[in-house]
Amino acid sequence: MIVGLTGGMGTGKSTVAALFAERGFRRLDADQLIRDELLPSPQIAEAIRARLGSAMLAANGSVRRDKVAEKVFSDPAALAWLEDLLHPLLFARWREVFAAAEGTAFIVEVPLLFEKQLENWFDFIVCVTTDSATQLRRLEQRGVPPDQARQRLVKQLPLARKCELADHVLLNDGSPEFLREQVNTLADRLLSSPPSRSHDRLHVRPS
């Protein structure tokens, strides 16, 4: 079973993924795979330098993620180029992980799941939602300036629409105990009735 986990920035996706992991799901984080496995590649760093400029790299040649984020979130063409560079590599990595772990229940964090039309990767999709004030407060606590937070949020599909498109919705503007109770209830439901290949979602893995 492959469950996609999405939501807006600051809604608590990582917290929810950790709770699913406690229930035996194997956790994958798309952003973490990009950060820890793809961006450290010298080939990727060189491609970023050549396209976006030497200011994107630190003195040791590593990618400065803060500078790249600042650049691409203010330049749609640069963002599209970066996604075209990284996403095929990310999907290839997913294929490797899924193929090597048949019978495993996965929870996969994908912030832009609907924006990038990745629905067919997953048997079920879960959206984490909260109110906008809580989102912005959490992003500020994370060190994201308010203007930059708003700039990023407007590039995402509205949370209300993500909730409509998802199979299941988790509300994260209450207590940690309330969130855990929701996750446990949903995990029980998913684990007790794993999807069959006749599930109405297409199991086509996009390239």
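Computed from heavy atoms alone, side chains included, the values below leave out hydrogens, waters and symmetry copies.
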From CG (L190) to CZ (F20), nearest 0.5 Å
6.0 Å
In Å, rounded to the nearest 0.5 Å, how long is the span from CG of L85 to CG of L38?
8.5 Å
Looking at R93 and E96, is any side-chain nitrogen of the basic one under 4.0 Å from a carboxylate oxygen of the acidic one?
yes
Regarding R23 and D188, does a basic nitrogen lie under 4.0 Å from an acidic carboxylate oxygen?
yes
Should T130 and L171 be marked as a side-chain contact (heavy atoms from CB on, under 4.5 Å) after you check the CA-CA gap, both sets of side-chain angles, and the distance that decides it?
CA-CA 6 Å; T130 190; L171 182 61; 5.7 Å; no
Under the salt bridge (charged side-chain N to carboxylate O under 4.0 Å, His left out) test, which residues partner D31, sequence neighbours left out?
none
For side-chain contact (heavy atoms from CB on, under 4.5 Å), just list the numbers for V108 and F98, CA-CA rounded to whole Å, side-chain angles, deciding distance to a tenth of an Å, and then say yes or no.
CA-CA 11 Å; V108 187; F98 296 150; 4.0 Å; yes
Which residue is it: K71, R64, R49? I am looking for the one with a side chain to side chain contact (heavy atoms under 4.5 Å, CB included) to M56.
K71
Counting C-beta onward and ignoring hydrogens, is there a side-chain heavy-atom pair between L5 and V128 closer than 4.5 Å?
yes
Is there a side-chain contact between I107 and R26 in this structure, where contact means two heavy atoms from C-beta onward sitting under 4.5 Å apart?
no
Whether the side chain of D123 engages the backbone of I2 through a donor-acceptor N/O pair (distance < 3.5 Å, no angle test) should be reported.
yes
If you apply the rule side-chain contact (heavy atoms from CB on, under 4.5 Å), what do you find for L186 with L170, and how did you get there?
CA-CA 9 Å; L186 180 54; L170 300 174; 4.2 Å; yes
Contact list for residues 1-16, test side-chain hydrogen bond (donor to acceptor under 3.5 Å, both in side chains), sequence neighbours left out
S14-E109
F106 and F25 aromatic centres sub-6.0 Å
no
Can you confirm whether more than 12 heavy atoms, excluding those of K162, are under 6.0 Å from its NZ atom?
yes
How about R35: does its CZ atom have over 12 heavy atoms from other parts shown lying under 6.0 Å from it?
yes
Can you tell me how the ring of W121 sits relative to the ring of W94, calling it parallel under 30°, perpendicular over 60° and tilted otherwise?
perpendicular
